[in-house]
Amino acid sequence: MTLGTTQKIGLSRRLIVALTAAATLVAGLALTGPGVAFGTPAKASTPCPAFECGKIRHIIIIVRENHSFDNLFGRFPGADGTKYAMRGTKRIRMPQTPDSLTTDIAADSRSTKKSINNGRMNQFYKTANAYQNGHDVADSQYRKKQIPDYWTYASDFSLADHFFASIQSQSFPNHLALIAGRNLHVIDNPTDRGHVFEWGCDSPKATRAKTFDAGKYGSVFPCFKSKTLADEADAAGASWKYYAPSKGQLGYVWSTYDAIKHVRYSPEWQSNVVPTSQFLTDVSKGTLPALSWLVAGLKTSEHPPESECQGENWTVDQINALMKSPLWKTSVVVLTWDDYGGFYDHVVPPHLGAYSLGLRVPTLVISPYTRAHLIYRGTLDFPSILKFVEDQYQLPHVATFNRNETSIAPMLNENQTPLPPVTLPTLTCPKRTKARATTSLATATW
């Protein structure tokens, strides 16, 4: 018998209401589950985390090597760039940077201090390897025709023209800042009486990295216990991977989680620190994690003396793959460079400490939610990226770094109509000349 037959059997309207209320109460008791007292309201279901249900579910930090803002975007329309460099007291028009150099330009902490010259920004030409084949390549810049795809990204998406490396130095301390929000007092690359090909817990025992802490210089073995953004992701249940060259490959020095002891000697070293090539596989399978760092091998890293054209092509291949996949709709790509690489930049870095901030580096935000055609002028550095990830995914603040800096969030707008993908062609790169030396691993400064 159903309630639809009540009029036929003479049930009153009040009885119908009573029966309905009783049925609702029984159902409510069933929802509370065993052990819940009578009359206790059912607990609300756990809200779905942003990295699983939000508009942005994939943040990819692509880290390129060794170029200043003026070197790549000094001529970009509307940006705070310049066509000129100060060479001592002489103002020169910067010539075109060759696609490939003969070696890398010195960019260690001492060379960087020399280049900045107490804010005069006029001694880049005095650093080691600034002159190559008789030309001052430190005070040079690329033209749009050499890097047209990067200029297209900057035009169609968002470019930050006051984004600074965190440390006035080279790769290692800045790569640390990209995972931990700070350089852990390190101011130069690790060394063992020469070049070391593993910058971390895998380094030879005699390896030391120069440090500066509380006004004193020192050195440390480059294997740290500090918490990082990956620890925050783990605590929140967010997936992450660090895509980088494997041990034995050129570029393994940039696999920065080798320097974090509790990652290097944990199962995550196998599951979460994976070869660079795995990125394209994960994109094609739709298994990209919520948070990624992506680092190339030496040949496609843009690190001098390697080809800038080949490096740009590699970047475009990675971004094209993402844009052609369903993952594009929920992704943010942060494309940045780890340090200035010895190349000229005219903007004096803000003074936050003896070795910070470093010189400007190009940084672009590429996403359906990027504020299109934006040149963002706020002061940013690598913790600005980490702060964005923390806020976007509501991660617990496990890592220790300065969160008073501005996030890259103003470069995005989740409420806008999503931007379409902009897939780009790769370029035919210039042939390398005989004058170009092969990479000298013995003398490379990285």
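- Remark: side-chain polar atoms of Asp188 are not paired, donor with acceptor, to backbone N or O of Ala209 under 3.5 angstrom.
- Contact annotation: the side chain of Thr211 never approaches that of Ile187 to less than 4.5 Å [non-hydrogen atoms, C-beta and beyond].
- Note that Lys114 lies outside the cation-pi zone of Phe124, set by a 6.0 Å cut-off to the ring centre and a 45° limit from the axis.
- In this structure the side chain of Arg64 never reaches within 4.5 angstrom of the side chain of Asp338, judged on heavy atoms.
- Between His175 and Trp254, the angle of the ring planes stays under 30°, which puts this pair in the parallel group of the 30/60° scheme.
- In this structure, the side chains of Phe157 and Thr152 stay at 4.5 Å or more apart for every pair of heavy atoms.
- Between the side chain of Ser331 and the backbone N or O of Leu327 there is at least one donor-acceptor pair closer than 3.5 Å.
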### Query
Does the ring pair (Phe, Tyr, Trp, His ring centres under 6.0 Å) test come out yes or no for Trp293 and Tyr243, once each step is laid out?
CA-CA 6 Å; Trp293 290 265; Tyr243 299 88; 9.9 Å; no
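- At distances below 3.5 Å, at least one donor-acceptor pair connects side-chain atoms of Asn174 with backbone N or O atoms of Ser166.
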### Message
Let's go through Arg403 and Glu390 carefully: what are the C-alpha distance in whole Å and the side-chain angles of both, what is the deciding distance for salt bridge (Lys or Arg N to Asp or Glu O under 4.0 Å) to 0.1 Å, and is it a yes or a no?
### Response
CA-CA 10 Å; Arg403 292 180 174 83; Glu390 283 186 337; 2.7 Å; yes
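- Under the side-chain hydrogen bond (donor to acceptor under 3.5 Å, both in side chains) criterion, Thr112 pairs with Tyr340, not counting sequence neighbours.
- In this structure, Ser100 OG and Lys431 NZ are separated by 14.0 Å, a value rounded to the nearest 0.5 Å.
- For the side-chain hydrogen bond (donor to acceptor under 3.5 Å, both in side chains) condition, the pairs that include at least one residue of residues 140-149, sequence neighbours left out, are Arg75-Gln141, Thr97-Ser140.
- Looking at every heavy atom in both residues, Pro222 comes nearest to Phe172 through CB-CZ, 3.9 Å.
- A 4.5 Å side-chain heavy-atom check between Gln168 and Pro173 finds every atom pair outside the cut-off.
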### Task
Could you please spell out the steps behind the ring pair (Phe, Tyr, Trp, His ring centres under 6.0 Å) verdict for Trp199 and Tyr252?
CA-CA 8 Å; Trp199 291 348; Tyr252 181 61; over 10 Å; no
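- Looking at Val361 and Thr363, their side chains come closer than 4.5 Å, going by heavy atoms from C-beta outward.
- Remark: the backbone N or O of Glu65 is not paired with any side-chain donor or acceptor of Ser301 at under 3.5 angstrom.
- A 4.5 Å side-chain heavy-atom check between Tyr393 and Glu52 finds every atom pair outside the cut-off.
- Between Phe382 and Phe164, the distance from one ring center to the other does not fall under 6.0 angstrom.
- Side chains of Tyr242 and Val263 form no contact here, defined as non-hydrogen atoms less than 4.5 Å apart.
- A distance below 6.0 Å separates the ring centres of Tyr257 and Trp240.
- Between Glu306 and Arg432 there is a salt bridge, with a side-chain nitrogen of the basic residue lying less than 4.0 Å from a carboxylate oxygen of the acidic one.
- Between Phe343 and His67, the ring planes are parallel. Angles under 30° get that label, and only those over 60° would be called perpendicular.
- The OG atom of Ser266 lies 11.5 Å from the CD1 atom of Ile260; values are rounded to the nearest 0.5 Å.
- Note that the OG1 atom of Thr287 and the CD atom of Gln278 stand 7.0 Å from one another [nearest 0.5 Å].
- Applying the side-chain hydrogen bond (donor to acceptor under 3.5 Å, both in side chains) test to every pair with at least one member in residues 76-90, sequence neighbours left out, gives these pairs: Asp80-His162, Asp80-His346, Tyr84-Arg93, Arg87-Asp136.
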